[in-house]
Amino acid sequence: MKFNVFFIICMLYSNIGFSQDELLSLLDDKSSEYSKYIFKGTKVVNSASVEMPDAGVLQFMIQHRFGTLNSGFYNFYGLDNSQVRMSFDYGLNDRLSVGIGRSSSLKAIDSNIKYRLIRQSKGAQTFPLTICVSSSIVFKQYLTSNSENNNFLFSNQFSYSHQILLARKVNRQISFQLSPTLIHYNLLPIDQLVHDLYSLGYGARYKISNRISLNIETFSQFNSGNNINPLSFGVDIQTGGHVFQFHLSNSAFMIDRAFIHETYDLWSEGSIYFGFNISRVFTLKD
Amino acid sequence: MIKNLLPLLLLCSINCFSQKYISNDGEITFFSYAPIEDIKAVNKKVSAVYNSADDNIVFQLNINDFNFRKKLMQTHFNENYLESDLYPQSTFIGKVIALEGNKAKVKGMLTIHGVTKEIEADGTLLKNNESVEILSEFKVNLVDYNISIPTIVMYKIAEEILINIEIELNYSQ
């Protein structure tokens, strides 16, 4: 009997003690939680990341690449030679974004579309990766003298790039990305033998503070006539309304086909390009 | 044996008498009034439970459910200020300590950004047959919750944030 009374008193107390927590347990969130902000920018360094502008947001990006660091004082270590790619990217909805860009030295206009298939999530629905598909068309302008050639076709000026972007945010500091890539050239560069070139991109970031992350990116080419792979390092700095990205790379280019398959410079020779991206976002639609 | 079980049964019945009101779509809005830019964000997925039997009240929300007009602000809010990956939720666990007519005073522990502080707030508590409506407005100091705003953007974000609560809870079970 004594035990019973004791037991009941205990029960009673526990009932009072836990009542607030009990209320809280009624609210237990059963929805799944997405891993967001896998990378700071829409690019790891040169290649596309799984990030895209939010719905209704227009992102204007200016990408600069200077000449090689080993080009001597006469060229002010590369700073005299600069080339630009300007681009606009717009988020149509939470999953889809479209963009258009223009590269100065390549005389190329590119337009791209990125679609997010699934997001890394935990909770009710768990999925280990964020997966996007990204495609772009590049229109490289040739001079009129080229087009006077009898063999010249209008379609020669096009090339295409298709990527599957597989990314995982391991923890709040570290994210990885794999990007299987297919590039199709209508007109082959001189050192290539096939129209369809396969490559695999590797990207990663390490966040050293809430606002700064270090990025690395490289591609390995599988059936290319050029065996020099791009290797790039970047620092992303997030400020109020901008993301600044500073890079060192052995490629000077900013569109997929060019930095993956048309890189001829070597880190070992000091042919390193310094560059930076500035992006600014504008909210067009709520 | 039955005598022994009686208090237990009684206890169960007390439990059943508890009057719980629940909501999963409450609204909490916060405002930061600053010279350059007023910032406002709304969370429309706030959960709340109120037990009218013992006046206990609990709120819970996910930090990344706050919607900003400017999405970049939302990114900064989650990534830099509230660090929603580390502290995904904010909760309030408290009690209605005074209720005169519709005017209520609530006291309890508010957890934001992993920091728990005792707060007291005035509000309105409207009891209807099937529902309870809760309205309140109070201020929160960012410093109290270890939310650091870098000096470079200080002028953009007020140090004191106004929080507005509007929740209608429905009777459950």
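Side-chain atoms are counted along with the backbone in the values below, which use heavy atoms only and exclude waters and symmetry mates. Below, chain A is the first sequence line, B the second, and so on; all start at residue 1.
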Check the surroundings of atom [atom1] in [X]: do more than 12 heavy atoms from other residues, nucleotides or ligands lie under 6.0 Å from it?
X        : atom1 : value
A:Phe176 : CZ    : no
A:Ile164 : CD1   : no
B:Lys70  : NZ    : no
A:Tyr34  : OH    : no
B:Lys40  : NZ    : no
B:Met109 : CE    : yes

In Å and rounded to the nearest 0.5 Å, what is the [atom1] to [atom2] distance from [X] to [Y]?
X       : Y        : atom1 : atom2 : result
B:Gln89 : A:Glu33  : CD    : CD    : 8.0 Å
B:Asp85 : A:Gln173 : CG    : CD    : 9.0 Å
A:Gln59 : B:Leu72  : CD    : CG    : 9.5 Å
A:Tyr37 : B:Gln74  : OH    : CD    : 5.5 Å
B:Leu86 : A:Asn171 : CG    : CG    : 10.0 Å

(Q) With chain A as the partner, which of B:Asn78, B:Asn64, B:Thr75 has the greatest number of non-hydrogen pairs under 4.5 Å? (A) B:Thr75

Q) Which one, B:Ala48, B:Pro88, B:Ser84, leads in non-hydrogen pairs under 4.5 Å with chain A? A) B:Ala48

Q: Over all heavy atoms of both residues, which pair between B:Glu83 and A:Asn210 is shortest? Give the atoms and the distance, please.
A: OE2-ND2, 3.2 Å

(Q) Heavy-atom cut-off 4.5 Å, strictly under: side chain, backbone, both or neither for B:Asn80 against chain A? (A) both

Q: Examine whether an atom of B:Asn67 lies under 4.5 Å from a heavy atom of chain A, and if so say whether it belongs to the side chain, the backbone or both; otherwise answer neither.
A: neither

Q. Hey, which residues of residues 89-101 of chain A are touching chain B, say heavy atoms under 4.5 Å apart?
A. none

Q | B:Glu79 and its salt bridge (charged side-chain N to carboxylate O under 4.0 Å, His left out) partner, picked from A:Lys40, A:Lys36, A:Arg172 | A | A:Lys40

